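Numbering of residues begins at 1 and proceeds along the displayed sequence. Only a predicted model underlies this, so the values are computations on that prediction, with no experimental measurement involved.
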Amino acid sequence: MAEVESNLTIGMADITIDGTSVPRQADAAVFSAEPVIQEVDLYLVPAYDRIIEGWTVSTTVVVDEYSLEYYQMALGGMEEDETGFTDGKGMKSLRKEAKEVVIHPRDMGDDTSLDITIFKAVPTGAFERTFGKEVAGYEITLTGLHKTGDPKQAGNYFRIGEPVVDDGGSGATTTTQSTGTKKTTKTEK
């Protein structure tokens, strides 16, 4: 009987938080994007239209590798000291700690055309660490924040497709094409 080689990976992803790889997945990673919709009534006509006020965007990944660095990915607002970290101050804004999350389906190889990018994400899930005989994992849940504060501007929460590198405000963006070698630059007005 001939041996068949298969390198097909189903459902797994390479996930980075601000360029740092998330630990080994122990279960499925889930991306969720749900529009926040407001119903619009027109005088005596109910439900005349609906508008999108924003988005609720999150990703949850279950991992099974343990380290202080990985724990910090799961916990928001932490404060570091010489030997570890502790819970941070109350009433602290997490916006300054928001990081870009990139989810790359592993079965796509070098093709980034289906990558998912959450532009500004903060850890929001509960951290639970189980100590038992079985291999235990924990969840890293990251929730997207509005990027610009301008609701009339598109591209504030997430992008599905080729990653785009923002140059910091001049309007020029660089998109890496799925071949991995070609780059194009476009200017948005």
| request: State yes or no: do Phe31 and Tyr157 share one hydrophobic cluster built from I, L, V, M, F, W and Y residues joined by side-chain heavy-atom distances below 4.5 Å, directly or via other members? | output: yes
| Same apolar cluster (I L V M F W Y, side chains within < 4.5 Å links), Leu142/Ile160 | yes
| request: Would you please test Val22 and Ile17 for side-chain contact (heavy atoms from CB on, under 4.5 Å) and show each step? | output: CA-CA 7 Å; Val22 167; Ile17 300 174; 3.7 Å; yes
Measuring from atom [atom1] of [X] to atom [atom2] of [Y], what distance do you get when rounded to the nearest 0.5 angstrom?
X	Y	atom1	atom2	result
Ile118	Lys99	CD1	NZ	14.0 Å
Thr143	Leu94	OG1	CG	10.0 Å
Glu80	Met78	CD	CE	9.5 Å
Met108	Asp115	CE	CG	8.0 Å
Thr117	Arg159	OG1	CZ	7.5 Å
Asp64	Glu134	CG	CD	12.5 Å

| Do other residues, nucleotides or ligands put more than 12 heavy atoms under 6.0 Å from the CD atom of Glu39? | yes
| If we ignore angles and hydrogens, is there a donor and acceptor under 3.5 Å between the side chains of Ser113 and Asp111? | yes
| field | From CA spacing to verdict: ring-ring contact (aromatic ring centres under 6.0 Å, His included), Tyr43, Tyr48 | value | CA-CA 9 Å; Tyr43 303 107; Tyr48 177 76; 9.4 Å; no
Taking distance alone, no hydrogens or angles, what donor-acceptor pairs closer than 3.5 Å link side-chain atoms of residues 66-76 to residues at least two apart or in another chain?
unit_1 : atom_1 : unit_2 : atom_2 : d
Tyr66  : OH     : Ala136 : O      : 2.0
Ser67  : OG     : Glu69  : N      : 3.4
Ser67  : OG     : Tyr70  : N      : 3.2
Tyr71  : OH     : Arg129 : NE     : 3.0

| message | Thr112 vs Glu162, test: side-chain hydrogen bond (donor to acceptor under 3.5 Å, both in side chains). Steps then yes/no. | response | CA-CA 5 Å; Thr112 58; Glu162 302 286 343; 2.6 Å; yes
Any side-chain heavy atom of [X] sitting closer than 4.5 Å to one from [Y]?
X	Y	value
Asn156	Phe119	no
Ile15	Val101	yes
Glu65	Gln25	no

| Partners passing ring pair (Phe, Tyr, Trp, His ring centres under 6.0 Å) against His104 (at least two apart in sequence or in another chain) | none
| task | Could I get the full list of side chain to side chain donor-acceptor pair (under 3.5 Å) partners for Asp14, not counting sequence neighbours? | result | Arg106
| field | Sequence-distant partners of Asp150, side-chain contact (heavy atoms from CB on, under 4.5 Å), two or more places apart | value | Thr148, Lys152, Gln153
| said: Under the rule for side-chain contact (heavy atoms from CB on, under 4.5 Å), what residues qualify as partners of Lys120, not counting sequence neighbours? | reply: Arg95, Ala98, Leu145, Lys147
Compile the donor-acceptor pairs under 3.5 Å between side chains in residues 52-62 and protein atoms, sequence neighbours left out, one pair per line.
unit_1 : atom_1 : unit_2 : atom_2 : d
Thr59  : OG1    : Val30  : O      : 3.0
Thr60  : OG1    : Thr141 : OG1    : 3.3

| query | Between Ile140 and Val63, is a side-chain contact (heavy atoms from CB on, under 4.5 Å) present by the stated rule, with each step listed? | reply | CA-CA 8 Å; Ile140 298 173; Val63 297; 4.1 Å; yes
| field | Expected output: side-chain Glu97 to main-chain Gly77 donor-acceptor under 3.5 Å | value | yes
| When you measure from the side chain of Glu139 to the backbone N and O of Gly125, does any donor-acceptor pair fall under 3.5 Å? | no
